[in-house]
2 protein chains.
Amino acid sequence: MARKPADQSVSREAILLAAADVLQRNGYEATTMKDIAAAVNLTAASLYHHFRNKDALLLAVLEAGLEQVLSQIESIVHSKLSSTDKLQQMIRAHVMGLTQNTAVGAAMVFEIRSLMGAKEPAVGASPADHQAYKDFVERRALFFARRDEFENLFRLVVREGIENHSFYPVDVGLFTKIMLGAHNWVGVWYKPEGRLSGEAIAERIAETMIRALKP
Amino acid sequence: MARKPADQSVSREAILLAAADVLQRNGYEATTMKDIAAAVNLTAASLYHHFRNKDALLLAVLEAGLEQVLSQIESIVHSKLSSTDKLQQMIRAHVMGLTQNTAVGAAMVFEIRSLMGAKEPAVGASPADHQAYKDFVERRALFFARRDEFENLFRLVVREGIENHSFYPVDVGLFTKIMLGAHNWVGVWYKPEGRLSGEAIAERIAETMIRALKP
DNA sequence: AAAATAATCTAATCTTGGTTAGATTATTCA
DNA sequence: TGAATAATCTAACCAAGATTAGATTATTTT
């Protein structure tokens, strides 16, 4: 086959994007480095120039996805909208993120446990390997912290709304789980060519949640 | 190590139970036949006496889990309770199934796509292999059909409730997805030692959904 | 209790997929 | 432009894990 004329080097970003997509479709264990590489016209081996290993790649995908939504959510929370409006917009941001950047969501939803599978370097491994592992563990912890933060922001707004009597006094923790569950599930069934647009879905989920919170 | 004194032969049921548990924890690709075997004090090879292969085992787990909940749901739907009571009980059944038989739910939620990974026998494979594959594909289709049935029962009740003016006229399809998403997610975060019992969770989710449907 | 069948085991096979080594080609920078 | 660096590639390597073969032990059946 004719060699592609130096398709320009592939950016880390491009890899993350493609990887996220493949991961969402197949799940972590089921997607091979080759799959990901193929998605950007590279060889599996080439990926190792950009990422230390498969786990690091996964983590990078998750980080990117989380930050993307988290940044939006944060600014909404810190705005001075009413509790109802805040929640409405947070839900929209989350759900639309899930439907647009196919990556963002479902990957995050499903692959988190895979992160735990990273195995320590053997006792005889090089110090570099040990350092790399240590770094990984640290980044992973950071990721989980950010993830908790995400959930806490939703909790916060729900609690706030209850306190200022905008919302019915639900169990804050549980309601938040219910809500996030509903959102995350969208990443599982959503198809771009489906009956409802991402926006319409986001809109209606927000309505539903807010209706459930009506005092 | 001393050989275990003929621990009695392990039943297919026992394997399914154990497998479901392990699968829920690790996911399909990440759990090895050895893992499953270990959970019932067997050797990986021994599992092949009970199931044709890993895929068949997974499918059997999913079938069992689905049927268990589905049977309950069906009888509720066909009862003559009010739409509200039906829905309330259906939600309870589903969520409690998810929290009790740890197996049942989360496994089902996450592993379905794994089912699609089953690869056809090579062109040169034995006729027996081809037949086996054909059977598998058929059972799988049946499974998905049952699964759709499950979702449809929820849709049915929501629609019924809207028609008899018990429920607010939501988008039936979407609301059902929201609801099932919330349920399924329970299988992801629920921990038996957590703050809320499975029953309490089920109860409150039902309340929440019904509140969201208040006309 | 012999024969047939069921349930397990150990040992080997085979494939897949992550990872590494070393060479090659492109790019950038001094 | 020549040296350093970046990005890729091809070719191995290696380990893990599914599956198979064949032997062994238990349980039924007749």
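Here is how names work: the chains are called A, B, and so on, in the same order as the sequence lines, proteins then strands, and each is numbered from 1.
- Across all strands, Thr32(B) comes closer than 4.0 Å only to sugar-phosphate atoms, never to a base (heavy-atom distances).
- Within the structure, a side-chain polar atom (N or O) of Thr43(B) is placed less than 4.0 Å from OP1 or OP2 of dC9(C).
- At least one side-chain nitrogen or oxygen of His50(B) sits closer than 4.0 Å to the OP1 or OP2 atom of dT8(C).
- In this structure, CG of Asn53(A) is placed 17 Å from C1' of dC13(D), rounded to the nearest angstrom.
- Counting to the nearest Å, the C1' atom of dG17(C) and the CG atom of Asn26(A) are 14 Å from each other.
- Tyr48(A) places its OH atom 19 Å from the C1' atom of dA6(D), with the value rounded to the nearest Å.
- Nearest-nucleotide mapping onto DNA chain C: of Ala44(A) and Lys119(B), the residue sitting toward the 5' end is Lys119(B).
- In this structure, the NE2 atom of His49(A) is 7 Å from the P atom of dA6(D), given to the nearest Å.
- Although no hydrogens or angles enter the test, the distance criterion places a donor-acceptor pair under 3.5 Å between the side chain of Asn152(A) and the main chain of Asp148(A).
- Taking atom CD of residue Glu29(B) and atom P of nucleotide dA18(D), one finds them 9 Å apart after rounding to whole Å.
- Rounding to whole angstrom units, NZ of residue Lys34(A) and P of dT16(C) are separated by 9 Å.
- Under the 3.5 Å distance criterion, with hydrogens and angles disregarded, a donor-acceptor pair is assigned to the side chains of Asp55(A) and Tyr28(A).
- Between Ile91(B) and the options Thr208(B), Ile205(B), Ile73(B), a side chain to side chain contact (heavy atoms under 4.5 Å, CB included) holds for only Ile205(B).
- The aromatic rings of His94(A) and Phe154(A) sit tilted relative to each other, their planes meeting at an angle between 30° and 60°.
- When the nucleotides dC9(C), dT20(D), dA21(C) are ranked by their closest atom to the side chain of Ala45(A), dA21(C) comes out on top.
- With hydrogens and angles disregarded, no donor-acceptor distance shorter than 3.5 Å links the side chain of Ser46(A) to the backbone of Leu42(A).
- For Ser46(B) and dA7(C), the shortest distance from a side-chain N or O to OP1 or OP2 is not below 4.0 Å.
- Rounded to whole angstrom, the span from the CG atom of Asp35(A) across to the P atom of dG17(C) amounts to 8 Å.
- In this model, the phosphate group of dA18(D) is approached by a side-chain N or O of Lys54(B) to a distance below 4.0 Å at OP1 or OP2.
- Between the CZ atom of Phe51(B) and the C1' atom of dT19(D) there is a distance of 16 Å, rounded to whole Å.
- Across all strands shown, Thr31(B) has heavy atoms under 4.0 Å from sugar-phosphate atoms exclusively, and none from any base.
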